[in-house]
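To keep things clear, I will list the structure first and then write my remarks on it.
Only this structure's heavy atoms are used, side chains among them; waters, hydrogens and symmetry mates stay out. Both counts, for ligands and for their atoms, begin at 1 and track the order of listing.
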Amino acid sequence: MRNVRVAAAQLGPIQKMDSRHAVVARMLDLMRQAKAAACDLVVYPELALSTFFPRWYYEERGDADIWFEREMPGAATRPLFEEASRSAIAMSFGYAELTPGGHHFNTSILVDKAGAIIGKYRKVHMPGHVEYDPARTHQHLEKRYFEPGDLGFPVWRMLGGIVGMCICNDRRWPETFRVLGLQGVELVVLGFNTPSVNSQRSAEGLDRRMFHHRLTLQAGAYQNATFVVAVAKAGVEDGHHCMAGTMVIDPDGEIVAQSATEADELVVHDCDLDATRFGKETVFDFARHRRIEHYGLIASQPGVVPPL
Ligand code: CDV
């Protein structure tokens, strides 16, 4: 048995006016709850430190830089690292990263129990659009504010297992989970901000959005024999509703724990990483069963090329 007690730390809404300091205080409160529950790892959402700012259009792209972190930890986030090391609890959270070279990424980090950053992931699959789109019910300008990640999908040895990260829209792509799976991943942690309405098809509301969310997480977990911990930023931010659906999926693809609210909420689950072994040694023993001679298109062709 290799047990990792995971705390999925869902955040309720964060308004535009809320300071980093106020958000970090909420995150610290969840971390203290996680410590009281003897958790090993606390996982927060995508862009955890602010409102989901890509819904706002800034004509001058640089005006959005107020939402980006130039250093990690910085003055506002240092208390998270101090508390993590004091409590001997590992953590992962997402933030908007502005590098010294002027690059903008949607980033997540993995921090060990000593409070040291041991892993960084930059979101690869960037949804949305670059320019203001009046045809949409709301804007989703991630393609305007972020570059696609340049670090691939690494994994790290941590907490006695193999841990990987992805972010929100990445979960909808089987390629994400398979690349992590090919490195033996046993625990995938991810945060998300998912509007409860499709901006290009308003009839597609919460039920269908939640269905697709569960479908992708459960498939990714089962097909790669891994735990998945998915953590929402939920509720109504400045009039825009994001769905909850924080959940833990086991390597059989079953939802084993989930949130009940759209507020700050801790979902705790014991993940025995040895439970990943059966799938990895049988139906998803990749080395025995994969036929890479037939998969070339996946890595060589981005779009659809129908037959003539
Ligand atoms: N933050 C996201 O990546 N959100 C997307 C929405 C736009 C569909 C998601 O895949 O949940």
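- Aromatic pair Phe284/Tyr222: centroids less than 6.0 angstrom apart.
- Looking at His213 against ligand 1, nothing comes within 4.0 Å, counting heavy atoms.
- Judged purely by distance below 3.5 Å, without hydrogens or angles, the side chains of Glu186 and Thr226 never pair a donor atom with an acceptor atom.
- Note: Tyr145 and Phe105 fail the aromatic proximity criterion, with ring centroids not under 6.0 Å apart.
- The protein non-hydrogen atom at the shortest distance from atom 3 (O) of ligand 1 is Lys123 NZ, 2.8 Å.
- Of the protein's heavy atoms, His140 CE1, 3.1 Å lies nearest to atom 7 (C) of ligand 1.
- Short contacts between ligand 1 and Asn169, defined as distances under 4.0 Å to a heavy atom of the residue, involve ligand atoms 3 (O), 9 (C), 10 (O).
- Of all the atoms in ligand 1, the ones that sit under 4.0 Å from a non-hydrogen atom of Pro127 are 2 (C), 3 (O).
- Among all protein heavy atoms, the one lying closest to atom 5 (C) of ligand 1 is Cys168 SG, 3.9 Å.
- Using a 4.0 Å cutoff on heavy atoms, Glu142 counts as a contact of ligand 1.
- Under the 3.5 Å distance criterion, with hydrogens and angles disregarded, a donor-acceptor pair is assigned to the side chains of Asn3 and Asp270.
- Geometrically, Arg171 engages Phe192 in a cation-pi contact, judged by NZ or CZ lying under 6.0 Å from the ring centre and within 45° of the ring axis.
- Atoms of ligand 1 found under 4.0 Å from any heavy atom of Glu46 (numbered from 1 in listed order, with element): 1 (N).
- The line from CG of Leu11 to NZ of Lys233 is 7.5 Å long, rounded to the nearest 0.5 Å.
- Paired with Asn198 under the rule side-chain contact (heavy atoms from CB on, under 4.5 Å), one option of His212, Arg208, Glu204, His140 passes, and it is Glu204.
- Ion pair Arg55/Glu237 flagged as a salt bridge, since at least one NZ, NE, NH1 or NH2 atom sits closer than 4.0 Å to an Asp/Glu carboxylate oxygen.
- Below 4.0 Å from some heavy atom of Asn193 lie the following atoms of ligand 1, by number and element: 1 (N), 2 (C), 4 (N).
- Closest to atom 11 (O) of ligand 1 among all protein heavy atoms lies Thr194 OG1, 2.6 Å.
- For atom 10 (O) of ligand 1, the closest non-hydrogen atom of the protein is Arg172 NE, 2.6 Å.
- Residue contact check for ligand 1: Met126 places no non-hydrogen atom closer than 4.0 Å to it.
- At a heavy-atom distance under 4.0 Å, only side-chain atoms of Phe52, from C-beta outward, approach ligand 1.
- Of the N and O atoms on the side chains of Arg122 and Asn106, not one donor lies less than 3.5 Å from an acceptor on the other residue.
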